[in-house]
Each structure stands twice: as structure tokens, then as C-alpha cells.
**Student:** 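This is the structure, below, for whatever I ask next.
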Amino acid sequence: MSTAIKDGPKYVGFFWRAIALALDNFFWIILQIPLVPFFNQFENSELLTAVYLLAFLAYFWLLPKFGRATLGQYMMGYRIVPADESRPKCLWRLAYVCGTAIMWPLFLFSWFMLRNDDIGIYWWDRKSSTRAVSTRQTN
């Protein structure tokens, strides 16, 4: 699941992060199903859709910004933390991760080619000054 870097924090690997993202998206889809009839009642359903999308983005942006894990991250046992003393760029991280997930060939390329020597640190982590660190206790 995770890899320790020289007795430091345990960084979470690619597939655990992908599973957490899939779980988060699954929860949002499940949440959306009962709202579909509600959206169709209103003539201005575009406004409700915009509010829903803003809530979706806030979920993935604000939770890591304040040091909390999303539901998928919590289930997979990790959270996003600042990489160093600099301010993490959580909104940019969201944009990088979403863009990479949408363009799946880039997603695979990122995993195979664009990580540095530290296992579990990928290009979007470096660009956003964040790290995905395990919250699970190890012996």
C-alpha cells in the first residue's frame, strides 16, 4: 500500500490512490441518483447542476486544504498533507489530478514515467507541494 522513505512518512502508492478516487466518485454518483428527479422539477436546472458541481469540487479541494481525508482516502487509509513548509496548492492539485484522470493515457504515463525516485511521489504531488501520506499504524 505504501512505502517508507528512509524512516520518514509512508507515501501511498498509485493504485491505492486510484481506488480511493474511484470510491469517492462512486459515492458522488450514489448521492446524485436521488437528486435527479429534484433537478428535473426546476426550469433552471443548470443552476442546480452548477451548485452540485461546486459542491463536488469543494469536497475534493477543501478537505485536503484543511488536512482532512475524503471518504475514499479515509477508507484507503491516507490523507493529503503539505510536502514542506510552503503552502500547499490544493486547488491546483485537484486540477492536475482531474486532468490526469480524464486523460487516462497521461494517467498511465504518469505512473510509469513521471514519478521521481521517491516511490509514491508523482508529478502532481511535486507541482502542488503535497504528499499522500498513510494514516495507518504500522508495527
Side-chain angles (χ1 to χ4, degrees):
M1 175 181 111
S2 58
T3 303
I5 306 299
K6 298 179 185 170
D7 296 327
K10 294 184 182 267
Y11 299 127
V12 178
F14 178 82
F15 289 107
W16 288 94
R17 293 188 199 192
I19 292 169
L21 183 62
L23 285 169
D24 280 325
N25 286 319
F26 175 74
F27 295 131
W28 276 96
I29 289 170
I30 295 300
L31 177 67
Q32 187 177 4
I33 290 171
L35 294 177
V36 170
F38 180 72
F39 280 81
N40 292 334
Q41 287 180 353
F42 297 93
E43 291 181 23
N44 196 3
S45 63
E46 293 83 11
L47 177 62
L48 292 173
T49 302
V51 168
Y52 178 81
L53 289 175
L54 285 174
F56 178 81
L57 292 175
Y59 171 77
F60 283 104
W61 169 46
L62 292 176
L63 285 174
K65 180 177 174 71
F66 293 109
R68 303 287 186 224
T70 64
L71 192 53
Q73 292 169 355
Y74 178 78
M75 291 176 71
M76 299 312 295
Y78 76 94
R79 66 186 175 101
I80 305 302
V81 298
D84 50 31
E85 296 301 316
S86 66
R87 188 173 178 197
K89 303 171 190 95
C90 293
L91 189 57
W92 281 110
R93 177 182 175 39
L94 174 62
Y96 298 143
V97 171
C98 287
T100 304
I102 290 169
M103 298 178 285
W104 64 268
L106 179 60
F107 195 60
L108 291 176
F109 182 72
S110 295
W111 182 66
F112 287 114
M113 304 299 286
L114 296 178
R115 62 183 182 167
N116 68 14
D117 293 334
D118 294 331
I119 296 172
I121 301 175
Y122 302 96
W123 71 270
W124 57 83
D125 294 323
R126 292 190 304 272
K127 297 283 277 179
S128 63
S129 300
T130 59
R131 300 293 184 261
V133 177
S134 176
T135 58
R136 296 183 184 205
Q137 298 292 329
T138 59
N139 296 343

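Counting begins at 1 with the first residue of the sequence.
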**Student:** Looking only at heavy atoms, which two atoms of Q73 and R79 are closest? And how far apart?
**Tutor:**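 Taking every non-hydrogen atom into account, OE1-CA, 4.3 Å.
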**Student:** CD1 of I19 to CZ of F26: how many Å apart, nearest 0.5 Å?
**Tutor:**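 Reported to 0.5 Å precision, the distance equals 14.5 Å.
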**Student:** Using the rule that two of Ile, Leu, Val, Met, Phe, Trp, Tyr join whenever any of their side-chain heavy atoms come within less than 4.5 Å, decide whether L21 and Y74 are in one cluster.
**Tutor:**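 Looking at the clustering, Y74 is in a separate group from L21.
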**Student:** What are the two closest heavy atoms between T130 and I80, and how far apart are they?
**Tutor:** CB-CG2, 3.7 Å
**Student:** Do L23 and I29 belong to the same hydrophobic cluster, where Ile, Leu, Val, Met, Phe, Trp and Tyr are linked whenever their side-chain heavy atoms lie under 4.5 Å apart, directly or via other members?
**Tutor:** no
**Student:** With sequence neighbours left out, what residues match L54 under side chain to side chain contact (heavy atoms under 4.5 Å, CB included)?
**Tutor:** none
**Student:** Looking at CH2 of W61 and CZ of F56, how far apart are the two atoms once the value is rounded to the nearest 0.5 Å?
**Tutor:** 15.0 Å
**Student:** Shortest non-hydrogen contact from M75 to R136?
**Tutor:** O-NH2, 3.1 Å
**Student:** Consider only side-chain N and O atoms of D24 and Y59, and report whether a donor and an acceptor are under 3.5 Å apart.
**Tutor:** yes
**Student:** Determine, using the 4.5 Å side-chain heavy-atom cutoff (strictly less than), whether M76 and I30 are members of one ILVMFWY cluster.
**Tutor:**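 Yes; I30 is reachable from M76 via cluster members.
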**Student:** Heavy atoms only: give me the nearest I121-R131 pair and the separation to one decimal.
**Tutor:**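 Closest pair (atom of I121, atom of R131, distance): CD1-NE, 3.4 Å.
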**Student:** Of the non-hydrogen atoms in T135 and Y78, which two are nearest, and what is the gap between them?
**Tutor:** OG1-N, 3.6 Å
